[in-house]
J.: 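The following block contains the structure, expressed as C-alpha cells.
Model, not experiment: these values are computed from the prediction. Chain naming here is simple, since letters A, B, ... match the order of the sequence lines and numbering starts at 1 in each.
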Number of protein chains: 2
Amino acid sequence: MSLTCAEILTSALAILDEFGLADLSMRRIATALGVQPGALYWHFDNKQSLLAALAGEVLGTLPEPGDLRGGGIAIWAGELRDRLLAHRDGAELVSAVLAMRLLDPSPVDILANALMRAGLPPTDAGAGSALVVHFVLGHSLDRQGYAQSAQLGAAGPPGPDPDEAFAYAVALLEVGLRTAFGDQGSLRQ
Amino acid sequence: MSLTCAEILTSALAILDEFGLADLSMRRIATALGVQPGALYWHFDNKQSLLAALAGEVLGTLPEPGDLRGGGIAIWAGELRDRLLAHRDGAELVSAVLAMRLLDPSPVDILANALMRAGLPPTDAGAGSALVVHFVLGHSLDRQGYAQSAQLGAAGPPGPDPDEAFAYAVALLEVGLRTAFGDQGSLRQ
DNA sequence: ACCTGAACACCGTTCAAGT
DNA sequence: ACCTGAACACCGTTCAAGT
C-alpha cells in the first residue's frame with residue numbers, strides 16, 4: 001500500500017505536537033514514515049503546500065458564526081482560539097499559512113461573509129472580521145510563545161489570566177460591532 | 001577598525017529590505033560585510049538576538065500615546081503600522097521577535113501603561129492594548145503578505161482600500177475603549 | 001579582543017533511475 | 001504510479017587556532 005496525503009499529514013501533526021513547528025522538517029516527516037525525503041514531493045508540491053494542508057487540518061471546518069448581534073462573536077472567537085491552542089504552535093502555523101494566502105476559506109472570509117449577511121456593508125464587515133481574527137491569532141500566538149519561553153526557563157511573571165483578558169477584549173469588540181450594526185455609518189468620518 | 005554591532009545591523013537591514021526575512025541568513029550578512037560567518041557570533045549570541053536587535057531598529061522608540069479618550073489611539077496605531085510597513089517583512093520580523101518575548105519595551109507594554117495611567121484597571125488596559133497591537137500587527141502582516149504574493153503573480157483581486165479598512169477598524173476599537181473609559185466595569189460580566 | 005578556517009549536523013528541493 | 005539514491009546549494013553554530 002502506498003503513501004497517502006492523509007498519512008503524511010497525520011505524521012506531520014504528530015511531529016508538530018511533539019517537537020513544534022521549528023523542528024517540523026520534510027526530512028523528519030519522511031524519517032517518521034520510513035521513507036526518503038523525495039517521496040513527499042510526489043504528494044505535495046513543496047513544504048508550503050504541506051503546511052497549508054496541515055493548517056487546514058488544525059482549523060478543521062469552522063462553524064458559521066451565529067447571533068452576531070448577541071454573543072455570537074465571542075462564541076466563534078473562542079472556538080477559533082480553542083482550535084489554535086489545541087496543537088503546539090497552532091497559531092504560528094495558521095498565521096504563516098494565512099499570510100501566504102494559502103488558507104481557503106480563511107477565517108477572515110468566513111466571519112466577514114457572516115457579518116455581511118447580518119447587514120454590515122462589505123468594507124465594514126471585512127474590517128470588523130479582520131479585527132476579530134487578527135486579535136484571536138495574536139492572542140493565541142502570544143500564549144503559545146509564552147508557553148515556549150516558559151519551558152525554556154526565562155519567563156517573566158505569569159501576568160493576568162489570559163482567558164479573562166480574552167473575554168474582556170472580545171467584549172470590547174462586541175461593543176464596537178454593536179455600534180456598527182445599530183447605527184451604520186457612525187464609525188466613519 | 002573592527003566590526004561593530006551597529007554595522008552588522010545596518011547590513012542586516014539592507015538585506016531585509018532588498019531580499020526579505022526568508023533570505024536574511026547569518027551567512028549572507030557575513031558575506032555582505034566581507035567577513036566569516038563565525039565572526040558575527042562574537043557580537044551576537046545567536047541569530048535570535050540579532051533579529052531582536054533588528055526589530056528594535058525597525059520599531060525605533062515608539063511615541064507615548066496621548067489623548068487616549070480622543071483620537072490618540074488611532075494616531076499611535078497608525079504610527080506603529082507605518083513603522084512596520086517601512087521595511088520589507090517588518091511586521092513578520094516584529095511578530096516573531098514579540099512572540100519570543102525579546103522585545104523590550106514591547107509595544108503592548110507601552111500602550112498598556114499609557115491606558116493604565118489614563119485610568120483603566122490593569123487587566124482592562126492589558127487586554128485593550130493587546131487588542132490594538134495584535135490588530136495592527138495582523139493588518140500589517142496581511143498587507144506585506146499580500147504584497148509578497150502579488151509579486152509572485154498569484155494574487156487575488158485587490159480588495160477594499162487597506163488604509164480605509166484600517167481606519168474603520170481603529171474607529172471601532174476606539175468606540176469599545178471609550179465605553180471602557182466612560183463606564184468602567186460595563187464590559188465585564 | 002576579535003576574527004579565520006574548518007568542521008558538524010542539519011535544511012528544502014530536484015531528478016535520473018528503479019520497480 | 002510511486003519511490004529510491006544521490007546529489008545540489010544552502011543553513012545555524014561551534015571552536016581551535018591565529019593575530
J.: side-chain contact (heavy atoms from CB on, under 4.5 Å), that's the test. Do Leu80(A) and Leu59(A) meet it? Break it down for me.
T.: CA-CA 8 Å; Leu80(A) 176 57; Leu59(A) 242 33; 4.0 Å; yes

J.: Quick one: does Leu3(A)'s side chain get under 4.5 Å of Trp42(A)'s, heavy atoms only?
T.: no

J.: Who pairs with Ser95(B) by side chain to side chain contact (heavy atoms under 4.5 Å, CB included), at least two apart in sequence or on another chain?
T.: Leu137(B), Leu141(B)

J.: Val136(B), Ile75(B): one ILVMFWY side-chain cluster at the under-4.5 Å cut-off?
T.: no

J.: Which donor-acceptor pairs under 3.5 Å do the side chains of residues 44-56 of chain A make with protein atoms, sequence neighbours left out?
T.:
unit_1: Asn46(A); atom_1: OD1; unit_2: Gln48(A); atom_2: N; d: 3.4
unit_1: Asn46(A); atom_1: OD1; unit_2: Ser49(A); atom_2: N; d: 3.1
unit_1: Asn46(A); atom_1: OD1; unit_2: Ser49(A); atom_2: OG; d: 3.3
unit_1: Lys47(A); atom_1: NZ; unit_2: Leu24(A); atom_2: O; d: 3.1
unit_1: Ser49(A); atom_1: OG; unit_2: Asn46(A); atom_2: N; d: 3.4
unit_1: Ser49(A); atom_1: OG; unit_2: Asn46(A); atom_2: O; d: 3.1

J.: Supply the atom-to-atom distance Leu84(B) CG to Glu92(B) CD, rounded to the nearest 0.5 angstrom.
T.: 12.0 Å

J.: Return one dot-bracket line describing DNA chain C 5' to 3' (Watson-Crick or G-U wobble pairs, both distances under 3.5 Å; ( ) same strand, [ ] crossing, | another strand, . none).
T.: ||.|||||...|||||.||

J.: Please state the C1' separation for the pair dA1(C) and dA17(D) - nearest whole angstrom.
T.: 15 Å

J.: Look at the side chain of Glu57(A) and the backbone N and O of Leu13(A), then say whether any donor-acceptor pair between them is shorter than 3.5 Å.
T.: no

J.: Can you check whether Val170(B) reaches Arg81(B) side chain to side chain, under 4.5 Å on heavy atoms?
T.: no

J.: Counting only N and O atoms by type, is there a donor-acceptor contact under 3.5 Å from the side chain of Gln144(B) to the main-chain atoms of Ala99(A)?
T.: no

J.: Do any side-chain atoms of residues 103-122 of chain B form donor-acceptor pairs under 3.5 angstrom with protein atoms, and if so which ones, sequence neighbours left out?
T.:
unit_1: Ser106(B); atom_1: OG; unit_2: Val108(B); atom_2: N; d: 3.2
unit_1: Ser106(B); atom_1: OG; unit_2: Asp109(B); atom_2: N; d: 3.2
unit_1: Ser106(B); atom_1: OG; unit_2: Asp109(B); atom_2: OD2; d: 3.4
unit_1: Asn113(B); atom_1: ND2; unit_2: Asp109(B); atom_2: O; d: 3.2
unit_1: Arg117(B); atom_1: NH2; unit_2: Glu64(B); atom_2: OE1; d: 2.8

J.: Heavy atom of residues 43-51 of chain B under 4.0 Å from DNA chain D: which residues?
T.: Asn46(B), Lys47(B)

J.: Give the residues of residues 6-19 of chain B touching DNA chain D, defined as any heavy atom closer than 4.0 Å, sorted by residue number.
T.: none

J.: Where along residues 27-34 of chain B does a heavy atom fall under 4.0 Å from DNA chain D?
T.: Arg27(B)

J.: Check every nucleotide of DNA chain C for an atom under 4.0 Å from a heavy-atom of chain B, then give the first and the last such nucleotide from 5' to 3'.
T.: dA1(C) to dA7(C)

J.: Indicate every side-chain donor-acceptor pair of residues 28-40 of chain B with a distance under 3.5 Å to a residue at least two apart or in another chain.
T.:
unit_1: Arg28(B); atom_1: NE; unit_2: Asp23(B); atom_2: O; d: 3.1
unit_1: Thr31(B); atom_1: OG1; unit_2: Arg27(B); atom_2: O; d: 2.8

J.: Once side chain to side chain contact (heavy atoms under 4.5 Å, CB included) is applied, do any residues pair with Glu18(A), and if so which ones, sequence neighbours excluded?
T.: none

J.: Can you name the salt bridge (charged side-chain N to carboxylate O under 4.0 Å, His left out) partners of Glu79(A), sequence neighbours left out?
T.: Arg83(A)

J.: With the side chain counted from C-beta on, respond yes when Arg69(A) and Leu177(A) share a heavy-atom pair under 4.5 Å apart, and no when they do not.
T.: no

J.: My understanding is that only residues two or more places apart in sequence, or in another chain, count here; which of them pass ring-ring contact (aromatic ring centres under 6.0 Å, His included) with His139(A)?
T.: Phe135(A), Phe166(A)

